[in-house]
Amino acid sequence: MKYASQNTIAQNIQSIRTHIEDAEKKYARQSGSVQLLAVSKTRPIEDIQAAFNAKQTHFGENYLQDALPKIRSFSEDAIEWHFIGPIQSNKTRQIAENFSWVHTVDRLKIAKRLSEQRAPEQKALNVCIQVNTSGESSKSGINIEETLILAKEISLLSNLHLRGLMTIPAATDDFNLQRQPFHLLRELKDEIQSQGIELDTLSMGMTNDMEAAIAEGSTMVRIGTAIFGQRTKIL
Ligand SMILES: *Cc1c(COP(=O)(O)O)cnc(C)c1O
């Protein structure tokens, strides 16, 4: 997808919503079954406000210190914040307290800490397991073979609500190659569900592979560049 950089954030969001609806039709997906997560890492509060004014209410952040001031600048229930970055164990308390979703859980130790540190008066923290669908070319995410066991363990933790699986495949521009890891993730979700664990989320697809992800069953695409433009700031 190409988005002219002079477009406003509101226009970009509208284009992506249209693109999602078109892809839902094209791949026989139920209308409204693919949610848009706006990835606002490194972006200023004004950009988030512009997206929020365009009725975008789910935002993804990768870096806790970058995210906290943004989270605090909005009233508590206005936005659902999703943590989608690597998790260091000394950051789990603030992640558990400030986010409603975490997409990047790949170890039981982190899951246990998040569950213990989620305040009991808050709703259960929604969690996805990050799966490595690209083999050696990726270091983050649990291996496919180990995912079922982790899913069973996480489903027993009282302050977490296991929602599904997430993956960040190795980048490629080839549409058919893009579909493969997403297809694997979809099959893995089906296998875990056949073991009696209810999952409703496949967090997959970014600016460059969103269509392939929707074709393979994504329920949540995580889009940064196509909404906010190229990232310049490195954290
Ligand atoms: C940055 C990021 C995205 C968004 O990527 P774009 O290519 O800018 O759409 C999605 N998911 C994760 C985990 C990210 O870190």
Side-chain angles (χ1 to χ4, degrees), residues 1-5 7-9 11-20 23 34-44 47-48 50-51 54 56-67 70-71 79-88 91 95 99-107 110 126-134 137-142 163-175 177-179 181-182 185 201-235:
M1 285 198 290
K2 291 269 183 297
Y3 293 85
S5 52
N7 283 357
T8 65
I9 288 170
Q11 286 168 332
N12 287 341
I13 286 184
Q14 198 43 56
S15 308
I16 294 160
R17 286 192 187 131
T18 303
H19 192 117
I20 290 173
V34 182
Q35 240 194 315
L36 174 60
L37 177 63
V39 176
S40 49
K41 65 183 177 204
T42 78
R43 315 291 180 171
D47 286 11
I48 299 175
Q56 178 63 34
T57 54
H58 288 254
F59 289 86
E61 290 280 342
N62 296 52
Y63 313 99
L64 186 68
Q65 299 315 320
D66 176 37
K70 302 181 202 177
I71 294 173
I79 288 180
E80 296 235 29
W81 295 97
H82 296 234
F83 192 82
I84 60 171
I87 307 172
Q88 295 165 275
K91 301 279 166 55
I95 293 171
F99 288 81
S100 43
W101 284 73
V102 180
H103 292 227
T104 43
V105 175
D106 62 3
R107 298 175 270 160
I110 293 290
N126 297 300
V127 162
C128 292
I129 297 176
Q130 183 177 358
V131 181
N132 177 358
T133 50
S134 302
S137 53
S138 169
K139 282 173 248 65
S140 43
I142 188 168
R163 298 294 296 268
L165 307 178
M166 177 271 208
T167 195
I168 310 172
T172 166
D173 287 328
D174 181 311
F175 184 72
L177 289 180
Q178 286 178 351
R179 288 182 70 149
F182 297 141
L185 202 69
T201 301
L202 280 172
S203 165
M204 56 191 204
M206 314 193 340
T207 294
N208 286 323
D209 55 15
M210 173 180 127
E211 176 139 349
I214 294 173
E216 292 296 346
S218 172
T219 66
M220 205 184 287
V221 289
R222 309 179 309 267
I223 307 296
T225 308
I227 296 176
F228 299 109
Q230 290 293 337
R231 277 180 295 277
T232 48
K233 202 155 116 194
I234 313 287
L235 286 183

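Note that ligands are numbered from 1 as they come in the structure, with each ligand's atoms numbered from 1 the same way. These numbers come from a predicted model, not from an experiment. Positions are given from 1, in the same order as the sequence printed here.
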Point to revise | Subset of ligand 1 atoms that lie under 4.0 Å from at least one heavy atom of T225 | key: 6 (P), 7 (O), 8 (O), 9 (O)
Check your understanding: Using heavy atoms and a threshold below 4.0 Å, how should the contact between N62 and ligand 1 be classified: side chain, backbone, both, or neither?
Key -> side chain
Exercise for review: Report yes if N208 has an N/O atom closer than 3.5 Å to an N/O atom of ligand 1; otherwise report no.
Suggested key: no
**Study point:** Contact with ligand 1 for R231, non-hydrogen, under 4.0 angstrom
**Key:** yes
Review point. Is the side chain of Q178 donor-acceptor paired with the backbone N or O of T172 at a distance under 3.5 Å, no angle test?
Key: yes
Point to revise | Option whose closest heavy atom lies nearest to atom 5 (O) of ligand 1, chosen from H82, H103, M206 | key: M206
Review point. Looking at R222, H82, Q35, which hits side chain to side chain donor-acceptor pair (under 3.5 Å) with S203?
Key: R222
Check your understanding: What are the atoms of ligand 1, with element, lying closer than 4.0 Å to any heavy atom of R222?
Key -> 4 (C), 9 (O), 10 (C), 11 (N), 12 (C), 13 (C)
Check your understanding: Are a donor atom and an acceptor atom from the side chains of S40 and E61 found within less than 3.5 Å of each other?
Key -> yes
Review point. What residue and heavy atom of the protein are closest to atom 1 (C) of ligand 1, and at what distance?
Key: K41 NZ, 1.5 Å
Point to revise | Ring geometry between F99 and F83 (parallel below 30°, tilted from 30 to 60°, perpendicular above 60°) | key: perpendicular
Review point. Which atoms of ligand 1 sit under 4.0 Å from any heavy atom of I223?
Key: 9 (O)
**Study point:** Heavy-atom side-chain proximity of T201 to N126 below 4.5 angstrom
**Key:** no
Study note, to complete from the structure: Of all protein heavy atoms, the one nearest atom 9 (O) of ligand 1 is T207 OG1, 2.5 Å
Practice item. Flag the pair W101 / R163 as yes when at least one side-chain heavy-atom distance between them is below 4.5 Å, and no otherwise. Key: yes
Practice item. Taking only heavy atoms of I168 into account, list the atoms of ligand 1 that are under 4.0 Å away from them. Key: 13 (C)
Point to revise | Nearest heavy atoms of M166 and C128, plus distance in Å | key: CB-CB, 4.1 Å
Check your understanding: So, do K70 and I79 sit near enough that their side-chain heavy atoms are less than 4.5 Å apart?
Key -> no
Review point. With a cut-off of 4.0 Å, which atoms of ligand 1 are near a heavy atom of G224?
Key: 4 (C), 6 (P), 8 (O), 9 (O)
